[in-house]
Amino acid sequence: GAVVSQHPSWVICKSGTSVKIECRSLDFQATTMFWYRQFPKQSLMLMATSNEGSKATYEQGVEKDKFLINHASLTLSTLTVTSAHPEDSSFYICSAPIAGGSYEQYFGPGTRLTVT
Amino acid sequence: AQSVTQLDSQVPVFEEAPVELRCNYSSSVSVYLFWYVQYPNQGLQLLLKYLSGSTLVKGINGFEAEFNKSQTSFHLRKPSVHISDTAEYFCAVSNMRFGAGTRLTVKP
């Protein structure tokens, strides 16, 4: 079946640095991908919709200059956390919808970001 | 706007007991509804989905859910749980919004 991968699975970085997280659809093309953030023991919060070849659509309250999203190809979307701070530490999950308009998604395994 | 509410944050049950995880939705239009399971430090896996048709939906791992339009509910059920069912369960609607999650803990 379809698989969505994320890289890295976990990353530790120092405050003030930037971190890039990759989300790939492995055996299908995804013109749209979604990025979520999940705090410990909480639900997923939709951050943005990544659109291939165009600008991402950010949810209200999400800083687009801090969370840069690039969807350069039909199989790759990247999320860059710029000038990371400890409060950016979280679990970041991406997903891609399957074709057919049913809104079902394939989720990546997630990336654990820790900012020290 | 569409939204979901999961009524129980934690549900502890004993192994082989039945379980129901509750989800209510709010929508002014037709909805698609989903249940996902998340194991620690992993992404989400689809358990089942309601798109249309039969209101009783069967999913993987022995789970099922019933779409009840009059009660705006989509509760998840399993007649006999296993230790391995211990996980976080999320109800979701078609606009990519998720409920707060229910932590199912199955005890021996």
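In what follows, chains are A, B, ... by sequence order, proteins preceding strands, each numbered from 1. Keep in mind that the numbers below use all heavy atoms, side chains included, and drop hydrogens, waters and symmetry copies.
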Please say yes or no: joined through hydrophobic side-chain contacts below 4.5 Å, possibly via intermediate residues, are B/Y25 and B/Y50 part of one cluster? yes

Give the interface residues of residues 78-96 of chain A toward chain B, defined by a heavy-atom separation under 4.5 Å. A/F91, A/I93

Does A/M45 belong to the same Ile/Leu/Val/Met/Phe/Trp/Tyr cluster as A/Y58, with side-chain heavy atoms less than 4.5 Å apart forming each link? yes

Going hydrophobic residue to hydrophobic residue with side-chain gaps under 4.5 angstrom, can you get from A/F39 over to A/F67? no

Neighbour count >12 (heavy atoms, 6.0 Å) for atom NZ, A/K20: no

Measuring from B/Y36:OH to A/Q105:CD, what's the distance to the nearest 0.5 Å? 5.0 Å

Cluster question for you: counting only ILVMFWY and a side-chain heavy-atom cut-off of under 4.5 Å, with indirect links fine, are A/V4 and A/M33 together? no

Using non-hydrogen atoms and a 4.5 Å limit, figure out which bit of B/F90 sits close to chain A: side chain, backbone, both or neither. side chain

Any sub-3.5 Å donor-acceptor pair from A/S43's side-chain atoms to B/G99's backbone N or O? yes

Are A/V11 and A/V115 connected in a single hydrophobic cluster, I mean Ile/Leu/Val/Met/Phe/Trp/Tyr linked by side-chain heavy atoms less than 4.5 Å apart? yes

Heavy-atom side-chain contact between A/F107 and B/Q45 under 4.5 Å: no

Rounded to the nearest 0.5 Å, what separates atom CD in A/Q38 from atom CG in B/L44? 7.0 Å

Considering residues, nucleotides and ligands other than A/K66, do more than 12 of their heavy atoms fall under 6.0 Å from its NZ? yes

